[in-house]
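Notes for the one structure printed next.
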Amino acid sequence: FFSAASMTISIFSAVQVFAWIATLWSGRVVPTASFHFAMGFLAALVIGGLNGIVTAVIPVDWQVHDSYFVIAHLHYVLVGANVLPVFAAVYYWAPKMTGRMLNEKAGKWSFWITFIGFNLAFFPMHLSGILGMPRRIYTYAPGLGWEWTNLATSVGAFVMGIGVLISIINFIVSVRNGAIADYNPWFAD
């Protein structure tokens, strides 16, 4: 009834997610831009993981296989779980690498715009797949009911791009004019 490979991956991922939550629970959380991107990663990974478990149910997989539902799952796991942590790392380590602090307010704006755009771009793909939109086809006949989900996906991609652009501008401006970073800019143990 379940795909063994998908279920095996989900067990190890769930253990990892709960370990991260336990670390946050016992730690001293400081809501920096880096933290926001890290939490966005965790949310995207959980959503991507949960819809991956759905595709492990074979009757569901028969319906959504080779559809945009699989594309949505792939993007939540790959983009959410690979791009958002890179931004978290850049915001965390840039002061140590460049000697300058990045603008925290711009970083948080970047996160929220990127995260909202990310979800607006990739969540409607689940609905497109459930509605039967196949992948690997470059054009579709009009009137199939996928127009509004594709429009939302396109708008979300542009919004996400604006959020990424804010981070790029923040990095360039901060490297030149940012506040001088302390030896321990995050006052960490």
Side-chain angles (χ1 to χ4, degrees), residues 1-61 64-65 68-98 101-126 129 156 159-160 163-164 166-168 170-171 181-189:
F1 193 70
F2 288 101
S3 168
S6 295
M7 292 308 294
T8 303
I9 292 168
S10 67
I11 291 168
F12 294 112
S13 297
V15 169
Q16 200 168 4
V17 167
F18 283 112
W20 291 326
I21 291 170
T23 300
L24 291 169
W25 190 268
S26 62
R28 182 179 54 92
V29 175
V30 180
T32 62
S34 178
F35 175 77
H36 281 70
F37 278 105
M39 290 300 94
F41 146 74
L42 194 57
L45 183 68
V46 168
I47 292 169
L50 290 175
N51 65 36
I53 291 173
V54 169
T55 59
V57 179
I58 294 172
V60 175
D61 190 44
V64 298
H65 181 74
Y68 256 61
F69 190 93
V70 176
I71 301 296
H73 165 67
L74 180 76
H75 281 83
Y76 265 90
V77 173
L78 292 182
V79 175
N82 289 311
V83 173
L84 294 174
V86 167
F87 279 98
V90 167
Y91 275 93
Y92 188 82
W93 289 108
K96 296 299 282 181
M97 293 186 297
T98 66
M101 297 295 291
L102 296 180
N103 184 304
E104 277 293 309
K105 189 172 184 178
K108 290 176 184 175
W109 272 101
S110 173
F111 164 74
W112 284 111
I113 293 170
T114 302
F115 191 70
I116 289 167
F118 168 81
N119 284 291
L120 184 59
F122 300 125
F123 192 81
M125 288 181 178
H126 293 99
V159 171
M160 186 171 132
V164 170
I166 291 171
S167 276
I168 292 169
N170 185 12
F171 185 81
D182 188 61
Y183 170 77
N184 183 1
W186 306 116
F187 307 108
D189 293 337

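Side chains are part of it too, since the values below use all heavy atoms of this structure and drop only hydrogens, waters and symmetry mates. For reference, positions follow the sequence shown, starting with 1.
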Given the ring of Phe37, does Lys108 sit roughly above its face, with NZ or CZ under 6.0 Å from the centre of the six-membered ring and within 45° of the axis?
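Relative to the ring axis of Phe37, which defines the angle, Lys108 lies outside at least one limit.
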
Ignoring hydrogens and geometry, is there a side-chain-to-backbone donor-acceptor pair from [X] to [Y] under 3.5 Å?
| X | Y | result |
| --- | --- | --- |
| Ser26 | Ala22 | yes |
| His75 | Ile71 | yes |
| Ser110 | Gly163 | yes |
| Asn170 | Asn103 | yes |

Just verifying a value: how many Å separate [X] [atom1] and [Y] [atom2], rounded to the nearest 0.5 Å?
| X | Y | atom1 | atom2 | value |
| --- | --- | --- | --- | --- |
| Phe115 | Met39 | CZ | CE | 10.5 Å |
| Asn184 | Trp186 | CG | CH2 | 10.5 Å |
| His73 | Met125 | NE2 | CE | 13.5 Å |
| Leu84 | Leu45 | CG | CG | 10.5 Å |
| Phe87 | Ile168 | CZ | CD1 | 6.0 Å |

ask   = Are more than 12 heavy atoms from other residues, nucleotides or ligands located less than 6.0 Å from atom CH2 of Trp109?
value =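 Atom CH2 in Trp109 is not crowded, with 12 or fewer foreign heavy atoms closer than 6.0 Å.
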
Looking only at heavy atoms, what is the nearest atom pair of [X] and [Y], with distance?
| X | Y | answer |
| --- | --- | --- |
| Asn51 | Phe69 | O-CE2, 3.7 Å |
| Tyr183 | Lys96 | O-NZ, 2.7 Å |
| Pro185 | Pro95 | CG-CB, 3.9 Å |
| Pro85 | Ala81 | CG-O, 3.2 Å |
| Ala33 | Tyr91 | CB-CD2, 3.8 Å |

Check: [Y] and [X] side chains under 4.5 Å, non-hydrogen atoms:
| X | Y | value |
| --- | --- | --- |
| Leu24 | Phe35 | yes |
| Ile47 | Phe122 | no |
| Asn119 | Tyr76 | yes |

Query raised in the report: Going by atom types only, do Thr32 and Tyr92 share a side-chain donor-acceptor pair under 3.5 Å?
Result: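 Their side chains do not contain a donor-acceptor pair, so the 3.5 Å distance test is not met.
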
